[in-house]
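My questions will all concern the structure given below.
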Number of protein chains: 2
Amino acid sequence: MSKYSKQTRFLVAIDCIIFGFDGENLRLLLIHRGMEPEKNKWSLMGGFVQPDESTDDAAARILKQLTGMEGVYMEQLRAFGDPKRDPIERVISLGYSALVDIHKYKEQLSDEFQPEWFLLKDMPDLIFDHQEMVQAALKNLRYKAALHPILFELLPEKFTLPQLQSLYTGVYDAEFDKRNFSRKVLSTGLLIRQKEKDKENSKKGAFYYILDKSKYKDKFQSFLNFVPNPDNFLF
Amino acid sequence: MSKYSKQTRFLVAIDCIIFGFDGENLRLLLIHRGMEPEKNKWSLMGGFVQPDESTDDAAARILKQLTGMEGVYMEQLRAFGDPKRDPIERVISLGYSALVDIHKYKEQLSDEFQPEWFLLKDMPDLIFDHQEMVQAALKNLRYKAALHPILFELLPEKFTLPQLQSLYTGVYDAEFDKRNFSRKVLSTGLLIRQKEKDKENSKKGAFYYILDKSKYKDKFQSFLNFVPNPDNFLF
DNA sequence: CCAAAAGTGTTATTTATACACCCATGC
DNA sequence: GCATGGGTGTATAAATAACACTTTTGG
């Protein structure tokens, strides 16, 4: 069959907005851009879609290339399609937002990119429209996390309620009442308390919890209202 | 400056998922596809992104081409990037979801495409992955409308509460209690009651309402919980 | 006068919020 | 024994859900 011969073709890229949580703060993984223009400036990890891979596959490939991680939570944000967003040549970029357990991240794999985990408050200037992508991803993260149990993707298998709460605190840059927070979280039935405690962060020690995986899958899309008055935080 | 010369370029298309409300039911605007392959089969309105337009501009252009309408509510859904989704050649398509006032739609403009407004329940087979796009758009619409006052985009300037309720009924394919519904809707403060009534649909007549435009803009992103137990409807 | 759709109010239940004290431990 | 952070309970307010009768009017 013939092709759509008269139409213009475009470069299509993926840019990954990769979030992690260090136990205290939300962080974003950035790299030194390896190619001109703006070589060595800070940038999101990205790459071009290849001829025979789906855009989702491309995103997974690019994430793996940087982090060594597979099977990570990732969702497409949207296309960024301003014709002038890349000064070299028009590139339509698909933003993909990823949530990773920062502790599973393998530093050594990615010497080539000299990646660093930046605090959100503390980000360098980024190339092109990457700042806009980060803002869109953060907004989306806050939106989703207010309604769905998505932030667990950022935690290790075992975690404590104080850790979970400080994750929410970091994401929303707001304090929550710990009594109400723990009641709400536990009422979802998603968490299973372990017998061991984390004694590293306090003398008394805080119980570890793990996710009930099957309930997590079931309820992943439910409206759970983790955040009181989400209006206050999102806009 | 040189280009990213070694990379493959792709066709990038827009496909518009256009919703309307006829006063009774939610409908979708489909066309007869004008080009091979699958010429004359039913399809979403689409077209290729052009060299110097943003993807958002392309979507607006394509919507206007079919409906004659501008300034319509439109949002990008996501990219559909399966390499085999179009059998002729790889095309990465961006789905854009539009909500239009079906009464402002100008039939005559679009003879070329022989468009028709289909009931959702009653849709023909569509080309490529357009069915998947429609499902994604519908899911997104239900999701958003459960939280935000988005369905007003489908109504004419003046509308009655029974009309509004039947819109929600149509979108969710579910009945709502009219006492609770009207209390909830009016409590948002978004509606201004008019002095006239619509006497076409009942003997008693139902008051017309209009949107308070400034409050609408303010509250567009607020969480208003229009739909009770949205979990029940979305998944 | 009656059928048909519009409009409105109350109560019970659930959910959200605000708030303060005791517990366990390492030092 | 005390400072530190972990853990829990209760009372009030607000939101939601369930439910039924009156009003208007065209025919």
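Just so it is clear: chains get the letters A, B, ... in the order the sequence lines come, proteins before strands, and each one is counted from 1.
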Side-chain-base donor-acceptor pair under 3.5 Å for A:N180 and C:dA18: yes

A:E200 has an atom CD; how far is it from atom C1' of D:dG5, in whole Å? 15 Å

Please give, in whole Å, the distance from C:dC21 C1' to A:D177 CG?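 Interatomic distance, CG of A:D177 to C1' of C:dC21: 13 Å.
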
Between B:Y172 and B:A146, which heavy-atom pair has the shortest distance, and what is it? OH-N, 2.8 Å

Here the distance between atom C1' of D:dT25 and atom CG of B:N201, to the nearest Å, is 15 Å

Base C:dA24 paired with A:K204 side chain (donor-acceptor, <3.5 Å): no

Separation of atom CZ in B:F181 from atom P in C:dA6, rounded to whole Å: 13 Å

Answer with yes or no whether A:K203 presents, from its side chain, a donor or acceptor under 3.5 Å of a partner atom in the base of D:dG6. no

Hey, can you tell me if A:Y168 and A:F176 have their rings parallel, tilted or perpendicular (30° and 60° cut-offs)?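 Plane angle over 60°, so perpendicular.
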
Within a radius of less than 6.0 Å around CD of B:Q194, do more than 12 heavy atoms belonging to other residues, nucleotides or ligands occur? yes

Please report, rounded to the nearest Å, how far the C1' atom of D:dG6 is from the CZ atom of A:R193.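 These atoms are roughly 11 Å apart.
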
Within this structure, what is the CD-to-P distance between A:E175 and C:dA18, rounded to whole angstrom? 14 Å

When you match B:R183 and A:Q163 each to their closest nucleotide on DNA chain D, which lands nearer the 5' end?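 Per heavy-atom nearest nucleotide, the more 5' residue is A:Q163.
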
From C:dA16, D:dG6, C:dG7, pick the nucleotide closest to the side chain of A:K184? C:dA16

Do A:S93 and A:D15 get their side chains close enough for a donor-acceptor pair, meaning under 3.5 Å? yes

Do the rings of A:W42 and A:F118 sit parallel, tilted or perpendicular, given the 30° and 60° boundaries? perpendicular

Take the protein atom NZ of A:K199 and the nucleotide atom C1' of D:dG6, then report the distance between them rounded to whole Å. 11 Å

Looking only at side-chain atoms of B:R179, point me to the closest of C:dT8, C:dG7, C:dA20. C:dT8

Whole-Å distance between C:dA5 C1' and B:F207 CZ? 14 Å

